[in-house]
Amino acid sequence: MAWLLLFFVVPMVYLAKMSLEQGFFPLFTFSWAWSNFSDAVSAYRPQFVRSIEYAGIATAVALAISYPLAYWIAFRGGRWKNLFLLLVIAPFFVTYLIRTLAWETILSDNGVVVGLLRDVHILGADGRLLATSAAVIAGITYNFLPFMVLPLYVSLEQVDPRLIEAASDLYANRVVSFARVTLPLSLPGVFAGVLLTFIPAAGDFINAQLLGTPRQYMIGNVIQSQFLSLRNYPTAAALSFVLMGSILVLVMIFARSLGTDRLTGAGA
Amino acid sequence: MSEHLTRGDFLRRAAAGGSILTVPGLLAACGGSSGTKGAATTAAASRTLPKTIVWSNWPLYIDVNDKTKAHPSLAQFEKKFGVNVRYIEDINDNDSFFGKIEGPLSQGQSVDRDVIVLTDASGLPARMIELGWLEKLNKSAIPNMKNLESVQQHPGWDPNREYSLPWQSGMTGIGYDPAKVGGEINSVTELLTNPKLKGKVTLLTEFGDTMGLVMAANGDDPSKVTPAAFDRAEKMIKKAVDSGQVRQFTGNDYAPLLAKGDVWACFAWSGDMVQLQADHPGLKWVLPKTGGMIWTDNMLIPKGGNAYGASVLMNWFYQPQIMAEVEDYVNYLSPVVGTAKALEKKDPAVAKNPLIFPTKAMLANVHQIDAKAVNNPKYKQRFQKLIGG
């Protein structure tokens with residue numbers, strides 16, 4: 001508890017206080033300046049919307065890729081399971097920035113990928129991938145993929161194969177047994193994976209900065225520059241709170257829609 | 001010049017590594033204790049050298065012996081004066097470094113540094129003077145200050161150089177690849193509007209550089225920013241961003257993009273381009289015909305630093321032959337008269353390179369950004385919004 005107080009509550013209170021301050025660096029005075037919030041939101045609405053949109057798409061794509069992958073590792077991995085998991089985590093041995101910079105090279109205007117896409121006329125002659133929304137979303141998806149795979153794997157791993165056998169004994173075909181048995185049992189994994197991907201993705205700024213243009217900048221970019229370049233701490237703090245709040249609301253809606261009782265029930 | 005890791009390379013790698021904020025001074029090893037416990041040294045008049053001088057600078061911004069990794073110019077100083085210099089390369093960007101030291105300084109605490117190096121165009125040196133966060137130079141210990149280039153003697157934010165002395169300067173202009181662009185380019189307006197360059201142009205995230213170049217292109221004076229001039233420049237850049245002409249706003253990272261061909265033309269710093277040209281001789285750098293920008297990284301003594309020790313160190317580097325050793329490696333602009341002459345024998349190619357020792361005509365065509373405008377929160381906010389954050 002003391003731990004939580006020291007490393008969570010204290011910084012939060014400090015941040016909250018700062019978000020209500022006024023003035024210019026380095027002289028801020030506390031003044032219940034609620035207008036910081038409304039100003040920040042109205043000035044940076046596009047970046048907010050974009051962050052939620054990009055993070056949402058990236059999470060959906062990551063889920064679509066990860067579920068079959070985790071399923072396959074859990075049920076078909078056999079004795080290679082650990083190796084496959086290691087491969088999923090392997091990119092983590094390289095720092096986040098380097099991985100993103102590598103994508104900058106891969107998606108380069110003169111790179112292999114763009115060349116190939118141009119040759120098959122998916123991209124126009126002067127089309128590009130780098131510095132587009134697609135590149136940013138792809139970067140986010142890639143960078144957070146393991147956070148999706150691992151919880152999915154854990155929950156699929158725990159599904160008792162005898163339950164699936166029982167389902168087929170009861171004349172359920174494979175689709176039905178998946179939909180009625182496997183999927184519901186893996187929902188806690190889906191829930192955890194979505195949270196672990198969506199939350200950091202919504203606050204990410206590296207992908208937008210390296211793979212996008214100012215027209216792709218997300219709220220993380222704004223917060224970063226408000227803190228470090230403009231040293232406008234109150235606005236930055238207010239933006240951080242709004243981001244936190246909106247993520248919290250979205251997570252609650254999400255949890256409700258999945259059904260909290262099922263989540264806790266299945267997790268037991 | 002080509003075999004060692006250049007400053008630009010290093011910056012890129014450091015940025016990539018993300019974590020290399022505290023590459024320790026390589027010379028520091030020799031017995032360096034915890035540095036000068038500066039807060040105690042209020043006596044600016046003290047004329048005894050401290051045991052250790054602590055100097056924070058940007059990465060690869062001083063001469064390096066490729067074999068021993070030592071800094072010869074600094075080693076000679078240490079030997080001559082019997083002082084340890086703890087040389088720390090921990091400044092990667094003005095704002096972040098300032099963020100690190102502003103906490104202690106605003107509380108009246110020492111930051112355990114005797115010399116730091118910050119860019120005038122960032123507005124931070126001016127701000128630090130206003131806030132009373134800098135010690136005055138001990139000018140009696142810097143007789144070599146007479147070697148300071150005349151254009152550098154009276155900057156608006158420190159008219160008599162009471163608090164600052166230039167370390168290196170650089171020019172901001174247009175870097176481009178003639179093979180891709182298909183010829184010469186020396187106009188900012190063309191950069192921002194020529195449809196041939198659409199999506200292949202980057203500008204800089206530095207307020208002074210980007211706004212300054214555009215204001216000059218509009219016929220306004222970047223050293224005296226008026227609201228109308230700011231509006232015009234903002235409008236012009238916004239149009240270029242909205243139309244997709246501008247691909248990104250960058251720091252040093254335009255360099256690899258330009259080398260790879262993702263970017264064809266951009267706002268670029270002279271020193272980076274010298275280093276880039278070593279591997280990519282085709283690339284060019286010009287001052288726009290409407291004028292370029294010049295900025296200077298200044299040596300400053302943060303409050304609590306040892307002013308006398310720092311001043312003696314500054315004096316050492318204001319000898320042309322010592323600055324020549326630095327310049328031969330660093331390739332930015334020397335503030336010390338006579339540096340080119342001292343280099344002529346040793347490295348004539350560097351001594352004759354107009355990007356390192358610009359001609360009078362070039363120097364007549366560069367502006368300094370208005371420090372007041374840089375520190376104007378309204379302008380800063382609007383510029384930040386323009387570049388996407």
Side-chain angles (χ1 to χ4, degrees), chain A residues 23-28 39-40 43-44 46-47 50 94-102 104-111 114 126-132 135 205-206 208-233 235-236 239, chain B residues 12-19 93-99 102-103 105-107 122 124 127 131 133 180 196 198-200 202-203 205-207 237-238 241-242 244-251 253 256-257 260-264 375-389:
Chain A
F24 293 118
F25 177 84
L27 306 163
F28 297 112
D39 291 351
Y44 297 105
Q47 282 90 344
R50 199 178 291 137
V94 177
T95 85
Y96 185 42
L97 271 167
I98 300 272
R99 277 181 282 142
T100 312
L101 281 169
E104 197 182 272
T105 305
I106 296 170
L107 299 177
S108 161
D109 292 6
N110 304 307
V114 171
D126 53 357
R128 62 171 198 228
L129 285 175
L130 203 57
T132 63
F205 65 94
I206 296 292
Q209 187 168 328
L210 295 178
L211 305 176
T213 76
R215 283 178 299 166
Q216 270 82 40
Y217 278 8
M218 300 164 66
I219 199 65
N221 300 83
V222 177
I223 295 175
Q224 191 237 11
S225 75
Q226 292 281 343
F227 262 119
L228 290 178
S229 302
L230 292 171
R231 284 183 292 282
N232 186 348
Y233 297 162
T235 302
L239 284 168
Chain B
R12 257 165 272 139
R13 283 173 214 180
S19 56
D93 118 45
N94 287 293
D95 288 319
S96 314
F97 185 74
F98 189 69
E102 63 97 357
L105 283 174
S106 64
Q107 307 288 322
S122 71
L124 293 174
R127 194 89 179 91
L131 292 166
W133 288 1
K180 296 267 186 343
K196 231 175 67 183
K198 190 174 169 197
K200 299 289 186 185
T202 59
L203 309 182
T205 49
E206 291 286 335
F207 176 101
I237 297 171
K238 184 159 191 331
V241 172
D242 290 344
Q245 180 84 2
V246 172
R247 181 187 184 110
Q248 259 177 320
F249 289 85
T250 67
D253 40 334
L257 296 174
K260 273 189 294 187
D262 286 347
V263 167
W264 293 358
N375 279 322
N376 181 327
K378 289 242 163 61
Y379 285 163
K380 280 194 86 169
Q381 185 84 31
R382 278 164 66 186
F383 178 70
Q384 205 64 35
K385 192 133 196 232
L386 195 59
I387 67 175

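Here the structure is a predicted model, which is why all the values come from computation and not from measurement. Below, chain A is the first sequence line, B the second, and so on; all start at residue 1.
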Tell me, for A:Ala208 versus chain B, whether the close heavy atoms (under 4.5 Å) come from the side chain, the backbone, both or neither. neither

So for A:Thr235, is it side chain, backbone, both, or neither that comes closer than 4.5 Å to the heavy atoms of chain B? neither

Side chains of [X] and [Y], heavy atoms from C-beta outward: is any pair under 4.5 Å?
X: A:Glu104; Y: B:Leu257; answer: yes
X: A:Pro214; Y: B:Ile387; answer: no
X: B:Gln248; Y: A:Gln209; answer: no

Of the listed residues (A:Asn232, A:Thr213, A:Ile219), which shares the most heavy-atom pairs with chain B below a 4.5 Å separation?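 Counting heavy-atom pairs under 4.5 Å, the top option is A:Thr213.
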
Please classify the contact between [X] and chain A as side chain, backbone, both or neither, with a heavy-atom cut-off of under 4.5 Å.
X: B:Leu124; result: side chain
X: B:Phe383; result: neither
X: B:Asn94; result: neither

Are the side chain of A:Arg128 and the backbone of B:Gly199 linked by a donor-acceptor contact shorter than 3.5 Å? yes

So for atom NZ, which belongs to B:Lys198, do other residues, nucleotides or ligands contribute more than 12 heavy atoms lying within a distance under 6.0 Å?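 Counting neighbours around NZ of B:Lys198, 12 or fewer heavy atoms of other residues, nucleotides or ligands fall under 6.0 Å, so no.
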
Between NZ of B:Lys380 and OG of A:Ser225, what distance do you get to the nearest 0.5 Å?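 Answer rounded to 0.5 Å: 10.0 Å.
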
Hey, what do you get for CG (A:Leu230) to CD (B:Gln381), rounding to the nearest 0.5 Å?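 Rounded to the nearest 0.5 Å, the CG-CD separation comes out at 5.0 Å.
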
What's the shortest heavy-atom distance between B:Asp262 and A:Asn110, and which atoms? OD1-N, 3.8 Å

Looking only at non-hydrogen atoms, find the nearest pair between B:Phe249 and A:Tyr217 and report the distance.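 Smallest interatomic distance, heavy atoms only, reads O-OH, 4.3 Å.
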
Between A:Asp109 and B:Arg247, does a salt bridge (charged side-chain N to carboxylate O under 4.0 Å, His left out) hold up when you go through it step by step? CA-CA 12 Å; A:Asp109 292 6; B:Arg247 181 187 184 110; 2.9 Å; yes

